[in-house]
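Read through the structure below, which is laid out as structure tokens, and then see the notes.
Keep in mind it's a predicted model, so treat the numbers as computed, not measured. Both counts, for ligands and for their atoms, begin at 1 and track the order of listing.
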Amino acid sequence: MTRAVLDLSDVRYRWPGRASFSLTVPQLAVAAGETVLLLGESGSGKSTLLSLICGTILPDRGRVVIAGTNVTELSDGARDRFRAEQIGVIFQQFNLLPFGSVADNILLPLRFAPERRKRAGDAAAEAASLCAALGLPQGVVRARANTLSVGQQQRVAVARALIGQPPLIIADEPTSALDANSQAAFLNLLFQQTAAHETSLLMVSHDPRLGERFDRVLRMEDIAQIERAAA
Ligand code: ADP
Ligand code: MG
């Protein structure tokens with residue numbers, strides 16, 4: 001395989017407290033520029049795995065290497081900065097700042113990531129050009145996020161993930177709120193942008209119909225073991 005942007009091995013995580021859900025992933029790698037869809041039913045640990053990759057939770061054991069750095073060895077602060085620099089995240093509910101403008105939302109990751117800010121160059125101009133590339137009407141950059149349609153919010157979430165060209169985009173069921181036509185349009189935009197910059201994309205979904213668009217399709221049941229005690 002060519003240079004891996006994500007290389008995860010022998011990872012195990014158990015949610016602390018009374019929840020007795022544990023996840024073991026022997027191996028998962030994503031190459032530079034590769035698009036991977038990870039399919040799994042609700043409750044199969046997809047979001048948990050993405051949190052381990054993003055470093056918002058730390059595995060009980062194992063390695064999560066992103067762009068050559070084992071994030072499990074970083075301090076909490078360094079891990080937060082590393083995530084901001086290297087990973088663009090598209091959340092299931094988009095997680096936009098509702099009272100922030102579109103521009104505020106798109107520029108947010110750059111605030112914590114000086115290298116990514118440098119890559120963005122004139123950040124306001126890049127935000128505007130991403131909006132244009134994603135088909136957001138001119139002038140929308142000044143609108144408040146909570147005045148946008150769902151489809152527009154989704155595009156803003158994509159622009160926020162893409163700004164400053166992080167090598168890895170992680171997307172957690174970003175199309176689940178969309179009808180089939182909007183889903184296809186959304187994926188077109190996302191793929192155009194990732195292909196233009198050789199960005200790797202790891203997207204999770206429970207919808208197998210999305211599979212044909214991706215370089216590779218993985219199933220949670222093939223890459224992970226889960227254990228769950230009866231409630
Ligand atoms: P998926 O994204 O595939 O639907 P999740 O990773 O969100 O699955 O959840 C898998 C299981 O992990 C849940 O059923 C729950 O038992 C446990 N879990 C998820 N999030 C938390 C949390 N914040 N605290 C405790 N347990 C959690
Ligand atoms: Mg989930």
Worksheet item: Which pairs count as side chain to side chain donor-acceptor pair (under 3.5 Å) when at least one residue sits in residues 97-125, sequence neighbours excluded?
Response: Ser101-Asp104, Glu115-Lys118
Worksheet item: For Ile163 and Ala123, which heavy atoms make the closest approach, and how far apart are they?
Response: CD1-O, 3.9 Å
Discussion item. I need the minimum non-hydrogen distance between Asp7 and Ala29, along with the two atoms involved.
Written reply: OD1-CB, 4.2 Å
Discussion item. Arg63 vs Glu73, test: salt bridge (charged side-chain N to carboxylate O under 4.0 Å, His left out). Steps then yes/no.
Written reply: CA-CA 9 Å; Arg63 287 158 52 84; Glu73 288 170 349; 5.3 Å; no
Worksheet item: Can Trp15 and Thr48 be counted as having a side-chain donor-acceptor contact under 3.5 angstrom?
Response: yes
Worksheet entry | Check ion pair Glu227-Arg14 (N to O, under 4.0 angstrom) | no
Worksheet entry | Residue shell around ligand 1, heavy atom under 4.0 angstrom | Trp15, Ala19, Phe21, Glu41, Ser42, Gly43, Ser44, Gly45, Lys46, Ser47, Thr48, Arg228
Practice prompt. Assess whether side-chain hydrogen bond (donor to acceptor under 3.5 Å, both in side chains) is satisfied between Asp207 and Ser205, documenting all intermediate values.
Written response: CA-CA 5 Å; Asp207 186 352; Ser205 177; 5.3 Å; no
Worksheet item: Would the number of heavy atoms belonging to other residues, nucleotides or ligands and lying under 6.0 Å from CZ of Arg61 be above 12?
Response: yes
Response to the item:
Quick note, ring pair (Phe, Tyr, Trp, His ring centres under 6.0 Å) partners involving residues 169-223, not counting sequence neighbours, are Phe191-Phe214
Fill in: Heteroatom count (protein N, O or S) under 2.8 Å of the Mg ion (ligand 2)
1
